[in-house]
Amino acid sequence: MLIEMMKSKIHRVKVTEANLNYIGSITIDRALLKASNILEGERVWIVDNNNGERFDTYVIGGEENSGVICLNGAAARKVQPGDIIIIISYAQMSPEEARSFKPTVIFPETETNLLK
């Protein structure tokens with residue numbers, strides 16, 4: 001049996017853009033992707049602290065050190081620039097693996113070196 005565990009989290013990051021006319025996904029600064037251990041193309045869940053929306057999409061890498069967090073396509077209707085969101089990815093693993101697994105969690109609001 002496999003269970004789903006939190007693999008990575010970008011906790012409390014500000015939405016910089018919402019682009020309704022893009023095909024879909026979330027664009028995330030590549031520096032944040034590296035720091036959080038989230039891959040381009042990976043499925044992520046988005047939690048909007050401002051309006052309570054919760055939805056999933058996939059990741060596109062944005063320009064490194066740009067600070068970009070852009071919701072694209074239909075997801076752009078669920079957020080506003082300036083909203084604070086949490087980005088979470090999950091991984092399937094056995095209960096044995098899960099007992100020793102340590103997720104990667106970053107806090108961009110307080111970790112000023114993340115985009116340097």
Side-chain angles (χ1 to χ4, degrees):
M1 168 179 62
L2 296 177
I3 59 175
E4 284 194 10
M5 298 292 292
M6 182 181 73
K7 179 185 84 69
S8 303
K9 178 165 74 164
I10 302 174
H11 188 77
R12 295 187 57 88
V13 67
K14 188 180 291 189
V15 174
T16 60
E17 301 172 52
N19 184 350
L20 183 61
N21 295 314
Y22 193 79
I23 296 171
S25 68
I26 182 171
T27 304
I28 302 173
D29 181 315
R30 282 188 174 88
L32 291 175
L33 293 179
K34 288 177 189 174
S36 65
N37 194 30
I38 295 175
L39 302 175
E40 290 188 53
E42 187 169 350
R43 180 183 186 187
V44 292
W45 282 87
I46 309 300
V47 179
D48 189 316
N49 284 1
N50 293 80
N51 64 22
E53 286 282 357
R54 295 178 71 96
F55 57 93
D56 66 322
T57 190
Y58 65 94
V59 173
I60 292 177
E63 183 180 338
E64 192 160 348
N65 299 312
S66 66
V68 67
I69 301 291
C70 180
L71 277 298
N72 301 301
R77 293 212 184 267
K78 297 184 172 281
V79 300
Q80 295 293 317
D83 283 1
I84 300 297
I85 63 172
I86 300 168
I87 303 166
I88 309 164
S89 72
Y90 297 90
Q92 293 185 344
M93 58 189 76
S94 70
E96 294 75 28
E97 289 174 300
R99 284 185 181 86
S100 61
F101 179 76
K102 301 290 185 228
T104 303
V105 179
I106 64 169
F107 301 87
E109 254 187 7
T110 59
E111 297 174 21
T112 56
N113 293 345
L114 283 179
L115 297 177
K116 293 183 180 176

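As the structure is a computational prediction, the values presented were derived from the model and not from experiment. Note that the numbering runs from 1 along the sequence shown for the chain.
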- Task: Find out whether V68 and E17 are in side-chain contact, i.e. whether some heavy atom of one side chain is under 4.5 Å from a heavy atom of the other.
- Result: yes
- Point-to-point distance, once rounded to the nearest 0.5 Å, from CG of N19 to CG of N72: 5.5 Å
- Query: Is there side-chain contact between F55 and V79, with heavy atoms separated by less than 4.5 Å?
  - Reply: yes
- Look only at the side chain of D29 and the backbone of N65, and say whether a donor-acceptor pair between them is shorter than 3.5 Å. yes
- Message: Working to the nearest 0.5 angstrom, can you tell me the gap between E42 CD and I28 CD1?
- Response: 9.0 Å
- Query: How long is the span from the CG atom in L71 to the CG atom in D83, to the nearest 0.5 Å?
  - Reply: 9.0 Å
- Query: Does CD belonging to E63 count more than 12 external heavy atoms closer than 6.0 Å?
  - Reply: no
- Task: For P81 and A18, work out which heavy atoms get closest and say how close.
- Result: CG-N, 4.1 Å
- Item | Considering all heavy atoms, the nearest A98-M93 contact | CA-SD, 3.5 Å
- K9 meets the salt bridge (charged side-chain N to carboxylate O under 4.0 Å, His left out) criterion, sequence neighbours left out, with none
- Message: Just so I know, are the side chains of P103 and M5 near enough to count as touching, which here means a heavy-atom distance under 4.5 Å?
- Response: no
- Do side-chain atoms of K34 reach the backbone of E64 as a donor and acceptor pair under 3.5 angstrom? no
- Taking every non-hydrogen atom, the tightest pair across L32 and P108: CD2-CG, 4.0 Å
- Query: Are any of the side-chain heavy atoms of L39 and L33 separated by less than 4.5 Å?
  - Reply: no
- Query: Short question: side chain of T27, backbone of I60 - any donor-acceptor pair under 3.5 Å?
  - Reply: no
- Test item: N50 side-chain N/O and I84 main-chain N/O as donor-acceptor pair under 3.5 Å: yes
- Message: Using only atom types and a distance under 3.5 Å, with no angle test, would you say the side chain of R30 pairs donor to acceptor with the backbone of G62?
- Response: yes
- Message: Could you check whether any side-chain N or O of E40 sits under 3.5 Å from a backbone N or O of G61, counting only pairs where one atom can act as donor and the other as acceptor?
- Response: yes
- Message: Could you tell me if the side chain of I46 sits less than 4.5 Å from the side chain of I87, heavy atoms only?
- Response: yes
- Note on the structure: What one should report as the nearest heavy-atom pair of R77 and L20 is NH2-CD2, 3.2 Å
- Could you state the interatomic distance from CD1 (I26) to SG (C70), rounded to the nearest 0.5 Å? 8.5 Å
- Message: With a 3.5 Å distance limit and no angle check, can you tell me whether S36 reaches the backbone of S8 through a side-chain donor-acceptor pair?
- Response: no
- Identified side chain to side chain contact (heavy atoms under 4.5 Å, CB included) counterpart of I88 within the set V47, V105, V44: V47
- Between atom CE of M6 and atom OG1 of T104, what is the distance when rounded to the nearest 0.5 Å? 8.5 Å
- Hey, could you give me the NZ/CZ distance between K7 and R43, rounded to the nearest 0.5 Å? 13.5 Å
